[in-house]
Amino acid sequence: MAAINEKGLLGKFLVWRVRYIKEKQFIVMLSILVGIVTGLAGVVLKNMVHFTHMFFTERMQVDSGNLLFFIYPFIGILLTTLFVKFFVKEGISHGVTKVLYAISRRNSMIKPHNNYTSMIASTLTIGFGGSVGTEATIVLTGASIGSNLARLFRMNYKVMTLMIGCGAAGAIAGIFKAPIAGIVFTMEVLMLDLTMASLVPLMFTAITSYVVTFFLMGDGFVFSYQITDKFVMANFPYYVILGIFAGVLSVYFVRMNLRVEQFLGRIKQTWKRIAIGGALLGVIIFVFPPLYGEGYTALDDMMAGHSDKLLNNTYFFGFRGSAWMMILFVVGLIFVKVIATALTNGSGGVGGVFAPSLFTGGVAGYLLAMLINMSGIRIVEPSHFVLAGMAGTMSGVMKAPLTAMFLIAEISGGYALFLPLMLTSVISYLTSQGMEPYSIYARRLAMQGDLLTHNKDKAVLTLMKLDKVVETDFKTIEVDATLGDLVKVVSKSSRNLFPVLNSNQQLLGIVLLDDIRKVMFNQELYSKTYVRDFMTTPSVVIDINDSMEVVMKKFEDSKAWNLPVLQDHKYIGFVSKAKIFNTYRKVLIHFSDDE
């Protein structure tokens with residue numbers, strides 16, 4: 001821990017804390033503080049989004065389409081982009097991915113502005129109809145609160161990482177009123193190790209955030225409709241089908257989301273990207289108004305048996321009595337929701353895929369229930385399938401089956417459906433895992449080698465930095481130098497390996513001391529023999545931007561002990577297995593120490 005400055009109120013408090021409060025006790029106190037602040041942040045965000053949403057939509061007529069559904073999302077994305085571009089001045093979308101990146105690559109440090117900027121941006125995006133969710137926003141906010149409070153009190157990397165997890169757990173616990181799901185989310189998605197040293201603070205934060213939210217917003221859940229009926233065992237096969245369907249759908253969700261965002265990412269001009277993305281999003285929401293905002297109202301209507309309300313504010317309002325029109329409309333919602341979400345984020349909006357995955361799964365569950373009931377084979381309760389579909393798709397998209405089943409059980413008011421939720425979540429997870437091994441949050445980081453995982457070896461390699469293990473004390477020699485020149489270099493070196501460079505500092509080869517040992521004392525050859533005569537070409541080279549996992553793979557494939565490192569195709573040094581192993585041991589001790 002850095003030296004504490006005794007000057008100032010904070011400095012005096014830190015000195016007093018070190019003297020009189022043990023670190024374990026202070027971590028618990030800090031986790032409670034994180035829970036209080038995160039709970040308050042969740043209440044503020046939910047209310048800002050809700051009242052903004054209601055202000056723009058409560059006076060709309062429901063019996064026809066409305067062009068405002070085309071205009072509002074575009075305005076929201078424009079305002080969000082202006083806020084991010086001129087006030088924040090860095091990207092703040094994809095909140096959960098940013099949290100994972102902070103843990104893996106930024107020593108768990110998150111910039112202080114994330115305590116509030118993503119909340120403002122998300123309110124502008126979702127309040128004006130952007131088809132994303134608030135959950136990723138509040139997770140980033142909570143994680144930022146945890147990180148910055150830990151930094152304020154001069155805590156080390158392990159405690160900062162734990163406080164990030166506490167902030168995330170408190171965020172989910174508060175915004176969903178689901179403390180168990182908040183804890184499990186941190187373990188599954190943020191990949192914190194499950195130890196008592198981490199579990200106790202997480203529990204304190206989740207409970208505290210839940211209590212704060214309860215006192216300020218009451219005991220209502222996300223949905224007004226609460227499940228009271230028990231699971232019917234005869235419906236078991238249909239939940240298996242739903243699990244497979246949700247698994248395949250989650251793969252579609254992840255891949256389509258990334259493809260649409262990549263399409264918009266290739267549009268380099270900001271205003272052109274806003275125009276194209278905003279216009280496409282406006283068209284989709286104009287045709288499918290249930291995609292306006294988070295979409296929880298539509299899910300609530302389906303569970304309460306008011307599915308005809310899905311056609312409100314559309315030009316299909318007159319077809320409410322047609323079952324086939326409802327099926328076609330629902331199918332459209334399932335496959336278009338992810339496109340609307342990607343257009344929102346890709347064109348400049350700020351929000352997450354948490355709510356969209358729940359929406360997609362819920363509508364898919366409702367579709368299956370409709371088809372079963374129309375077939376006459378059996379009559380099933382649509383609300384049960386809506387909830388199971390939500391759990392299944394969330395499990396496949398986030399690769400978090402435990403989070404999915406506990407979250408849906410908590411927000412539905414009980415555990416009467418825990419068995420079908422478990423069944424659907426697990427089957428969806430297994431179905432999607434074979435086709436898409438990474439969650440939507442982790443896929444980008446995994447492709448860059450920046451993902452921290454539960455695998456200790458991979459986690460430690462992720463935490464290691466290549467530039468910290470590069471050795472630059474090797475004496476170099478030019479390719480046109482003579483043996484005599486090389487002998488002079490050898491006499492000044494403590495190494496037995498010599499990089500051969502050209503005039504542009506590009507690596508051409510390597511000379512080993514063993515290769516010249518037999519001739520290096522024969523002075524007759526000093527002026528007649530050249531370095532290029534002894535030079536060998538390295539079988540593998542390392543780029544300074546390679547991840548440590550890639551570096552270790554190159555060592556394994558080449559069977560080499562030292563490999564040259566290049567930057568912009570120019571030689572900068574060597575990295576050795578010995579240096580990596582020594583650094584690995586140090587990081588492993590720091591990473592694994594459980595006080």
Verdict with supporting geometry, Met217 and Lys177, side chain to side chain contact (heavy atoms under 4.5 Å, CB included): CA-CA 10 Å; Met217 297 183 67; Lys177 298 188 181 73; 4.2 Å; yes
Quick check on the 6.0 Å ring-centre criterion: do Phe185 and Phe406 meet it? no
Got a salt bridge between Lys46 and Glu294, using NZ or NE/NH1/NH2 to carboxylate O under 4.0 Å? yes
Hey, does the side chain of Asn235 reach the backbone of Val380 with a donor-acceptor pair shorter than 3.5 angstrom? no
Look at the rings of Phe385 and Tyr239 and say which category their plane angle falls in: under 30° parallel, 30 to 60° tilted, over 60° perpendicular. parallel
With distance as the sole test, does Ser428 use its side chain to make a donor-acceptor pair with the main-chain N or O of Gly392 at under 3.5 Å? yes
Looking at Glu436 and Arg255, is there a salt bridge between them, counting it only when a charged N and a carboxylate O are closer than 4.0 Å? yes
Looking only at atom types and distance, does a side-chain atom of Ser347 sit under 3.5 Å from a main-chain N or O of Gly277, one as donor and one as acceptor? no
Please check if the side chain of Thr125 supplies one atom and the backbone of Gly349 the other of a donor-acceptor pair under 3.5 Å. no
Any side-chain heavy-atom pair from Val283 and Leu280 closer than 4.5 angstrom? no
Using a distance-only test with no angle check, is there a side-chain donor-acceptor pair under 3.5 angstrom linking Thr344 and Ser131? no
Rounded to the nearest 0.5 Å, what separates atom CG in Leu249 from atom CZ in Phe253? 8.5 Å
Please find the pair of heavy atoms, one from Cys166 and one from Val34, that lie closest to each other, and give the distance. C-CG1, 4.1 Å
Can you tell me how far the CG atom of Leu311 sits from the CG atom of Asp301, to the nearest 0.5 Å? 11.0 Å
Just wondering, more than 12 heavy atoms not from Met203 lying within 6.0 Å of its CE? no
Correct closest heavy-atom pair for Gly282 and Phe70 would be C-CD1, 3.3 Å
If we only count heavy atoms from C-beta on, is the Asn114 to Met119 side-chain gap below 4.5 Å? no
Under a 4.5 Å cut-off applied to non-hydrogen side-chain atoms, are Arg273 and Thr81 in contact? no
Interatomic distance, Met302 atom CE to Thr297 atom OG1 [nearest 0.5 angstrom]: 10.5 Å
Within this structure, what is the CE-CD1 distance for the pair Met405 and Ile180, rounded to the nearest 0.5 Å? 12.5 Å
Taking Lys98 for the side chain and Gly91 for the main chain, is one N or O donor matched with an acceptor at less than 3.5 Å? yes
Does Thr424 use its side chain to pair, donor to acceptor, with the backbone of Leu421 at less than 3.5 Å? no
Given Thr57 and Tyr292, is the side-chain hydrogen bond (donor to acceptor under 3.5 Å, both in side chains) satisfied, shown in steps? CA-CA 10 Å; Thr57 61; Tyr292 187 97; 5.9 Å; no
Can you pull the ring pair (Phe, Tyr, Trp, His ring centres under 6.0 Å) pairs that have at least one residue in residues 258-279, sequence neighbours excluded? none
If you look at every heavy atom in Pro356 and Gly133, which pair is closest and at what distance? CD-N, 3.8 Å
Going by heavy atoms in the side chains, are Val426 and Tyr429 under 4.5 Å from each other? no
Verify, without hydrogens or angle tests, whether Thr403 (side chain) and Ala181 (backbone) share a donor-acceptor contact under 3.5 angstrom. no
Please round to the nearest 0.5 Å and tell me the distance separating atom NE2 of His384 and atom CE of Met303. 10.5 Å
Calculate, to the nearest 0.5 Å, the distance between atoms CG and OG1 belonging to Leu124 and Thr52 respectively. 7.5 Å
Of all heavy-atom pairs between Leu358 and Leu299, which one has the smallest distance, and what is that distance? O-CD1, 4.1 Å
Kindly say whether Thr205 contributes a backbone atom to a donor-acceptor pair with the side chain of Ser209 at under 3.5 angstrom? no
Where the side chain of Tyr252 meets the backbone of Phe335, is there a donor-acceptor pair that is under 3.5 Å apart? yes
Aromatic rings Phe288 and Phe329: how do their planes relate, parallel, tilted or perpendicular, breaks at 30° and 60°? tilted
Heavy-atom side-chain contact between Pro201 and Leu162 under 4.5 Å: yes
Ile327 and Met374: CA distance, side-chain angles, deciding distance, side chain to side chain contact (heavy atoms under 4.5 Å, CB included) verdict: CA-CA 11 Å; Ile327 288 176; Met374 289 177 64; 3.3 Å; yes
For Phe354, the option from Val96, Leu407, Val189, Ile175 that meets side chain to side chain contact (heavy atoms under 4.5 Å, CB included): Leu407
Among Leu40, Val43, Thr208, Thr38, exactly one meets side chain to side chain contact (heavy atoms under 4.5 Å, CB included) together with Thr213. Which residue is that? Val43
Verdict with supporting geometry, Ile126 and Val132, side chain to side chain contact (heavy atoms under 4.5 Å, CB included): CA-CA 7 Å; Ile126 302 171; Val132 288; 3.6 Å; yes
Within-4.5 Å side-chain heavy-atom neighbours: Leu367 and Ile334: yes
Polar contact flag, side-chain donor to acceptor under 3.5 angstrom, Ser122-Thr137: yes
Testing Ile92, Thr134, Ile77 for side chain to side chain contact (heavy atoms under 4.5 Å, CB included) with Val350, which one passes? Ile92
I want to check something: taking the side chain as every heavy atom from C-beta on, are Tyr116 and Thr141 in contact at a cut-off of under 4.5 Å? no
Residue pair Leu281 / Ile285, side-chain heavy-atom distance below 4.5 Å: yes
In terms of the angle between their ring planes, are Phe286 and Tyr315 parallel, tilted or perpendicular, with boundaries placed at 30° and 60°? perpendicular
Search all heavy atoms of Pro382 against all heavy atoms of Asn373 and return the closest pair with its distance. CG-ND2, 4.2 Å
How far apart are the closest heavy atoms of Met326 and Ser307, and which atoms are they? CE-O, 3.5 Å
More than 12 non-hydrogen atoms from neighbouring residues, nucleotides or ligands closer than 6.0 Å to CZ on Arg259, yes or no? no
Once the angle between the rings of Phe128 and Tyr72 is folded into 0 to 90°, is it parallel (under 30°), tilted (30 to 60°) or perpendicular (over 60°)? perpendicular
Walk me through whether Thr393 and Ser250 qualify under side-chain hydrogen bond (donor to acceptor under 3.5 Å, both in side chains). CA-CA 5 Å; Thr393 305; Ser250 64; over 6 Å; no
Count the heavy atoms of every other residue, nucleotide or ligand shown that sit under 6.0 Å from CZ of Phe74, and state whether that count exceeds 12. yes
Stepwise ring pair (Phe, Tyr, Trp, His ring centres under 6.0 Å) check, Tyr296 with Phe359: CA-CA 7 Å; Tyr296 289 133; Phe359 180 92; 8.8 Å; no
